[in-house]
Amino acid sequence: MNIEALIHKATSKALNELYGFNPGEKQIQLQNTRKDFEGDITLVVFPFLKFSKKSPEKTGEEIGEYLKNNIEIVEGFNVIKGFLNLVIGKSYWIDVLLGAYRTEKFGMVSESDDSKLVMVEYSSPNTNKPLHLGHIRNNLLGYSISEILKANGNKVVKTNIVNDRGIHICKSMYAWKQWGDGKTPGDSGVKGDHLVGDYYVEFDKHYKAEIAELMETGMSKEEAENQAPSIQAARELLRKWEARDEETVQLWKTMNGWVYDGFDITYKNLGVDFDKIYYESETYLVGKEEVMRGEKEGVFFRKEDGSVWADLTGDGLDQKILLRSDGTSVYMTQDIGTAKMRFSDFSIDKMVYVVGNEQNYHFQVLAILLDKLGFSWGKSLYHFSYGMVELPSGKMKSREGTVVDADDLIEDMVDVARKMSVDLGKLDNLSKEEAERTYRMIALGALKYFILKVDPKKNMLFNPEESIDFNGNTGPFIQYTYARIRSVLRKAEEMNLDLNSNIETDSLSFKEKELLKRISLFPVAVKEAGENYSPAIIANYCYELVKEYNQFYHDHSILAEPNEQVRNFRLILSATVSNIIKNGMNLLGILMPERM
RNA sequence: GCCCCGGUAGCUCAGUUGGAUAGAGCAACUGCCUUCUAAGCAGUAGGUCAUGGGUUCGAGUCCCGUCCGGGGUACCA
């Protein structure tokens, strides 16, 4: 059925009949014909020269002749150098269009009985500061890859692990107690996560001053960092928290509650969500138990000072600490506990962690440790490692105030979108609410596309001065094209045009055929995006599709086309493109406006 | 030191897993709105794919060396 498979099979037969050669799977290479040449699909003939013992041109001619005679939809061919370009008949492309048009979720695989259950962990915030641009990349990637995995037929559980305990939380708690004057988000009007974050900064300010003061008295830096009253007080709070001191636990709950309220707003604005949330305060003890079990079973070992370690020298790594000498747990311990809980809560086939690439080593170790602990699923974890977002000044650092705050950035983008729309006079006849909704859609579209179009593995640069574009290779460009198509389709409806009538068309223009080819590639893009964990593949596909469409749109009239069949063909073509854009961009969490 | 990742146009990024003359957007310059939305379309200019070797019919893509940048290697998370 599929054209590539058809050609593949026929080529295999041709090679056998012509040269008595049975090619391996990979030796038959098909690719899309470059635009500068005539043809649609190209067969690379170089690999066959050894067997044909003829020139590339002659070999191409012979195979081309065979394919033309044996496959009905191959209408012609030409050979340039070692490339055999095959011309596929228009009926094939029309069939592709109709297939896509009639399939609502064209290119996507729906869930079935043998779907795998994939759990995707993303976001993973600390509860001591608000979300910033780095978190935005994480959240967008996590959400998008979940959607892409779903589109590839998987069942997905989106999960978040909240780092809600530890010394950093206690720092904010102490600062609030000390200098907070009982301030709350309610009476101050400050968003909860920002309020708590402010006290985290406040803590650092005092802490630094204390260190400087102590060093004046001749104390070493290290000693001063240890002796400063603030840090002592924070540690005391942590001890009290671990001892379940009622007042401390209460304060911890209250302040974390403020943060969660704040996060909820940011998540809602970003359009991301979770099916199940885990809290480290509930998983770290499980991790501890597992480590102690591991020690008892001789998988791990204890040093003289009481700390527990894993020896990974046999795996080419070094030794890794799992429990401190005072018995408290570390990051790794918590991840072991969280993993165990997840696998007992769900029958997970695959675990995906969306975490920055600075954790590459951590996850390499985690997989080995889980395996050593006897969890067969340990090896199957996948670390979806992504690069950092850098500013022109370099890496973002919370303490140095060089972070781009998530909430601020979103609001700035909305302001730009609003101003731009008003300047262009675009949404004048929409209600105020609808216009606002659209500004937001465009702003988020710009932000999300900007981040998701780049290869997740690579570090990316964000320049706040230059801001994010709304023209060119951007989210709004794609949204605009969608809105334009919708506008045409609305008018077609008003004219009572029937899109189901037959669309035989005598000739396909170059642009039309290019569009059809592009449409046929959407399923490939979805599959590839899933295999490579890459929303960027979807983003780039949508951009190419939309660019192609805009050229078509510019060169051809649709509604004014006098030939009814051609007009219907173009309407169906447009409807199909708009559907693919919408579905594709949905995989990126980007919404399409009906008007803009 | 050791380990991992990266280096493509002035800037931000693609490059179909080794294929044809390396592509977009931004910025600059030039055209196109009486016609379905100009957030668009068309064009000009911009490249020693960091660098030196190697593998082969063919290398931005694979291998080795060098230079530059980032990350990791913590009783931080």
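We name chains A, B, ... by the order of the sequence lines, and we start the count at 1 in each one.
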- Query: Just to confirm, is there a sub-4.0 Å distance from OP1 or OP2 of U37(B) to any side-chain nitrogen or oxygen of Lys491(A)?
  - Reply: yes
- Note on the structure: Among the nucleotides A74(B), G40(B), A39(B), whichever has the atom closest to the side chain of Met596(A) is A39(B)
- Check whether any side-chain heavy atom of His132(A) sits under 4.5 Å from a side-chain heavy atom of Val404(A), and report yes or no. no
- OP1 or OP2 of A42(B) under 4.0 Å from side-chain N/O of Gln551(A): yes
- Query: Under the criteria of a ring-centre distance below 5.5 Å and an interplanar angle below 30°, is Phe37(A) stacked with the base of A20(B)?
  - Reply: yes
- Task: Evaluate the ring planes of Phe51(A) and Phe21(A), with Trp represented by its six-membered ring, and classify them as parallel (under 30°), tilted (30 to 60°) or perpendicular (over 60°).
- Result: parallel
- Message: With a 4.0 Å cutoff (strictly under), does any side-chain N or O of Asn550(A) reach OP1 or OP2 of C41(B)?
- Response: yes
- Message: Tell me the interatomic distance from Leu424(A), atom CG, to A39(B), atom C1', rounded to whole angstroms.
- Response: 6 Å
- Plane angle bin for Tyr533(A) and Tyr382(A) - parallel if under 30°, tilted between 30 and 60°, otherwise perpendicular: parallel
- Message: What is the distance, to the nearest angstrom, from the CZ atom on Arg595(A) to the P atom on G40(B)?
- Response: 20 Å
- Lys527(A), NZ: over 12 other non-hydrogen atoms inside 6.0 angstrom: no
- Taking syn as any angle within 90 degrees of 0 and anti as the rest, which one fits C33(B)? syn
- Task: Could you tell me whether the side-chain ring of Phe46(A) sits stacked on the base of G19(B), using a centroid cut-off under 5.5 Å and a plane angle under 30°?
- Result: yes
- Message: What's the gap between G65(B) and A22(B) when it is taken at their P atoms, as a whole Å value?
- Response: 30 Å
- State whether the number of non-hydrogen atoms from other residues, nucleotides or ligands found under 6.0 Å of Glu38(A) atom CD is greater than 12. no
- Which nucleotide sits closest to the side chain of Lys547(A): A14(B), G25(B), A20(B)? G25(B)
- Query: Roughly, in whole Å, what's the span from CZ in Phe450(A) to P in C11(B)?
  - Reply: 15 Å
- How far, in whole Å, is U12(B) from A77(B) if one measures between their P atoms? 35 Å
- Rounded distance in Å between the C1' positions of C68(B) and U51(B): 10 Å
- Please state whether the phosphate of C76(B), meaning OP1 or OP2, lies under 4.0 angstrom from any side-chain nitrogen or oxygen of Arg235(A). no
- Short side-chain N/O contact from Lys35(A) to OP1 or OP2 of G23(B), under 4.0 Å: no
- Task: Ignoring backbone atoms, establish whether Lys81(A) has a side-chain N or O less than 4.0 Å from OP1 or OP2 of U21(B).
- Result: yes
- Tell me whether U17(B) sits syn or anti, counting syn as a glycosidic angle within 90° of 0. syn
- Going by heavy atoms in the side chains, are Leu133(A) and Val403(A) under 4.5 Å from each other? no
- Query: Has Arg486(A) got a side-chain N or O lying under 4.0 Å from the OP1 or OP2 atom of C36(B)?
  - Reply: no
- Could you give the distance separating A14(B) and G71(B) at their C1' atoms, to the nearest angstrom? 24 Å
- A28(B) and C67(B): how far apart are their C1' atoms, nearest whole angstrom? 33 Å
- Arg137(A) versus Met460(A): any side-chain heavy-atom pair under 4.5 Å? yes
- Message: Can you classify the ring geometry of Tyr331(A) versus His362(A) as parallel (below 30°), tilted (30 to 60°) or perpendicular (above 60°)?
- Response: parallel
- Task: Name the closest nucleotide to the Val44(A) side chain, picking from G70(B), G19(B), G25(B).
- Result: G19(B)
Between protein and nucleic acid, restricted to nucleotides 26-33 of chain B and to nitrogen or oxygen atoms under 3.5 Å apart, what atom pairs and distances do you find?
none

- Counting just side-chain N and O atoms, does Tyr331(A) come under 4.0 Å of either OP1 or OP2 of A77(B)? no
- Query: Under 3.5 Å, is there an N or O donor on one side and an acceptor on the other linking the side chain of Thr481(A) and the base of A39(B)?
  - Reply: no
- Task: For U8(B) and G15(B), measure between their C1' atoms and round to the nearest Å.
- Result: 9 Å
- Task: Specify the residue among Phe552(A) and Lys457(A) whose closest nucleotide of RNA chain B lies further upstream toward the 5′ end.
- Result: Lys457(A)
- Query: The side chain of His168(A) lies closest to which of these nucleotides: C13(B), A77(B), A38(B)?
  - Reply: A77(B)
- Task: Could you point out which residue of Glu282(A), Glu280(A), Glu242(A) forms a side-chain hydrogen bond (donor to acceptor under 3.5 Å, both in side chains) with Arg165(A)?
- Result: Glu242(A)
- Message: Please report the distance, rounded to the nearest Å, between NZ in Lys458(A) and P in G7(B).
- Response: 5 Å
- Task: In sequence, state the C-alpha distance, the side-chain angles, and the governing distance for Tyr480(A) and Phe470(A), and then conclude on ring-ring contact (aromatic ring centres under 6.0 Å, His included).
- Result: CA-CA 10 Å; Tyr480(A) 173 73; Phe470(A) 286 71; over 10 Å; no
- To the nearest angstrom, how far is Tyr549(A) atom OH from C36(B) atom P? 13 Å
- Message: Any donor-acceptor pair, under 3.5 Å, between the side chain of Gln334(A) and the base of A77(B), if you only look at N and O atoms?
- Response: no
- Query: Is a salt bridge present between Lys208(A) and Asp204(A), judged by a nitrogen-to-oxygen distance below 4.0 Å?
  - Reply: yes
- Query: What about Thr474(A), does its side chain sit under 3.5 Å from the base of A39(B) through a donor-acceptor pair?
  - Reply: no
- Query: Can you say whether the rings of Tyr541(A) and Phe522(A) are parallel (under 30°), tilted (30 to 60°) or perpendicular (over 60°)?
  - Reply: tilted
- Asn540(A) has a side chain; which of A14(B), C41(B), G19(B) sits nearest to it? A14(B)
- Using atom CE of Met388(A) as one end and atom C1' of G72(B) as the other, report the distance to the nearest whole Å. 11 Å
Are any protein N/O atoms closer than 3.5 Å to N/O atoms in nucleotides 59-64 of chain B? If there are, list each pair with its distance.
none

- Please state the C1' separation for the pair G53(B) and G46(B) - nearest whole angstrom. 30 Å
- Message: Other residues, nucleotides and ligands only: do more than 12 of their heavy atoms fall within 6.0 Å of NZ on Lys58(A)?
- Response: no
- Item | N or O in side chain of Arg34(A) less than 4.0 angstrom from G23(B) OP1/OP2 | yes
- Quick one: is Ser487(A) getting a side-chain N or O under 4.0 Å of the C36(B) phosphate, OP1 or OP2? no
- Query: Is Phe83(A) stacked on the base of A20(B) when the test is centres under 5.5 angstrom and planes under 30 degrees?
  - Reply: yes
- Message: Using the C1' atom as the point on both nucleotides, what is the distance between A27(B) and U61(B), in whole Å?
- Response: 29 Å
- Message: Could you check whether atom CZ of Arg437(A) has more than 12 heavy atoms from other residues, nucleotides or ligands sitting under 6.0 Å from it?
- Response: no
- Value in whole Å for how far the P atom of G25(B) lies from OH of Tyr449(A): 11 Å
- For Tyr543(A) and for Leu461(A), find the nucleotide of RNA chain B with the closest heavy atom, then tell me which residue's nucleotide is more 5'. Leu461(A)
- Check whether any side-chain nitrogen or oxygen of Lys453(A) sits under 4.0 Å from OP1 or OP2 of U12(B), and answer yes or no. no
